K.L.:
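Starting off with a structure, shown below.
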Amino acid sequence: SFGAESLSHALLPGLVIAALTGIPLLVGAGIGIALAAAAIALAARVPMIERDTAVAVVVTSLFGLGALLALSPETPAGLQALLFGDVLGVSDGDLALAAGLAVGVLVALLLLHGRFLTVGFDRSAAGSMGISGSLVDLAVLFLLAMVILVAVQGLGNLLVVAILVAPAAAARRVATRMPAMLGLSIAVAVLAGLGGLYLSYYADTAAGASIALSLIGAYVLIALVAATASRIRTLRRSPAA
């Protein structure tokens, strides 16, 4: 969650520069993420500065730079879509680039699935199996960056975290096995996305914000159902019952 928020905020200057120069947003976002990763790596090498502190310094600095660029007189109208998304304004070219990135991420997840599970559930034993935890962490951050590049066009720089965190968090409340968790999180994302679009149409609200609200609402609903079901099971097993 922290990585998703950090990367999404740090790429704002790249998005703004892309909008100012007319290049595809995905290209600007990709350059922004690359520069952010390099800046974080350099800041982490400074003595007496821990990695979390380096991330915070770089992210806040880049986000401030992006806001400063967005306030320049040359900024085109509608740049607020970079912050909150414009899911209905994505072009065919943006969709093609996003589809290519999505396919690449899916292939990488398929190939690295076993390594991700090993490091995620038993990091201490991964080394003895010849699996580098640091390389797996790097792969996760790289794939996370690719997903952000896909999602940022629809939900913007500020709301993209919702679609990365909420569906997985909701699925984790009710699923106990990884395949079920993956499938449920996809279902939550798709249904909440459709629900958000309908909410946007009938309530005359921003599409990206409506989708983010639907995602959070889905998490709250599933969390309440899971908590209620757990409470009922506890009462049934208690001696008093």
Side-chain angles (χ1 to χ4, degrees), residues 1-12 15 25-26 29 59 63 66-67 78-90 94-95 98-99 101-102 105-106 109 116 120 140-141 143-236:
S1 300
F2 179 61
E5 183 176 9
S6 300
L7 289 174
S8 63
H9 284 55
L11 60 79
L12 181 60
L15 288 174
L25 291 182
L26 276 178
V59 168
F63 190 76
L79 196 61
Q80 66 270 16
L82 299 182
L83 295 176
F84 303 107
D86 185 11
V87 69
L88 302 179
V90 180
D94 291 333
L95 287 176
L101 288 174
V105 170
L106 290 175
L109 287 175
F116 287 161
V140 170
L141 288 176
L143 293 177
L144 182 60
M146 295 301 100
V147 173
I148 290 174
L149 292 182
V150 174
V152 74
Q153 298 175 98
L155 293 185
N157 178 262
L158 296 180
L159 300 178
V160 69
V161 182
I163 200 171
L164 292 171
V165 177
R172 194 166 182 263
R173 296 300 303 266
V174 295
T176 57
R177 297 182 61 84
M178 186 59 65
M181 197 179 300
L182 290 171
L184 182 57
S185 64
I186 293 172
V188 169
V190 172
L191 293 176
L194 291 173
L197 289 176
Y198 276 105
L199 174 63
S200 172
Y201 179 79
Y202 288 106
D204 195 23
T205 55
S210 299
I211 291 174
L213 180 62
S214 297
L215 289 166
I216 301 302
Y219 169 77
V220 172
L221 178 61
I222 291 177
L224 289 175
V225 171
T228 302
S230 177
R231 178 63 176 170
I232 292 175
R233 289 194 298 267
T234 300
L235 291 175
R236 287 178 176 177

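Worth knowing before you read on, the calculation uses all heavy atoms, side chains too, and leaves out hydrogens, waters and symmetry mates. For clarity, every value in this text was computed on a predicted model and none was experimentally measured.
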K.L.:
So which heavy atom on Pro167 is nearest to which on Leu215, and how close?
P.N.:
CG-CD2, 3.9 Å

K.L.:
To the nearest 0.5 Å, what is the distance between CZ (Arg173) and CG (Leu224)?
P.N.:
8.5 Å

K.L.:
Can you give me the closest heavy-atom contact between Leu199 and Ser214, atom names plus distance?
P.N.:
CD2-OG, 4.3 Å

K.L.:
If you take all heavy atoms of Ala171 and Leu184, which pair is closest and at what distance?
P.N.:
CA-CD2, 3.7 Å

K.L.:
Leu144 and Leu164: side chain to side chain contact (heavy atoms under 4.5 Å, CB included), yes or no, with the steps?
P.N.:
CA-CA 9 Å; Leu144 182 60; Leu164 292 171; 4.2 Å; yes

K.L.:
Using a 3.5 Å distance criterion without hydrogens, assess whether the side chain of Thr234 forms a donor-acceptor pair with backbone atoms of Ser230.
P.N.:
yes

K.L.:
Atom CG in Leu182, atom CE in Met178: separation rounded to 0.5 Å?
P.N.:
6.0 Å

K.L.:
Once side chain to side chain contact (heavy atoms under 4.5 Å, CB included) is applied, do any residues pair with Ala175, and if so which ones, sequence neighbours excluded?
P.N.:
Ala180, Met181

K.L.:
Distance check, rounded to the nearest 0.5 Å: Ile216 atom CD1 versus Ile163 atom CD1?
P.N.:
11.0 Å

K.L.:
Identify, with sequence neighbours excluded, every residue that meets side chain to side chain contact (heavy atoms under 4.5 Å, CB included) alongside Leu109.
P.N.:
Val105, Phe116, Leu143

K.L.:
Quick check: closest heavy atoms across Ser200 and Thr205, and the distance to 0.1 Å?
P.N.:
OG-O, 2.6 Å

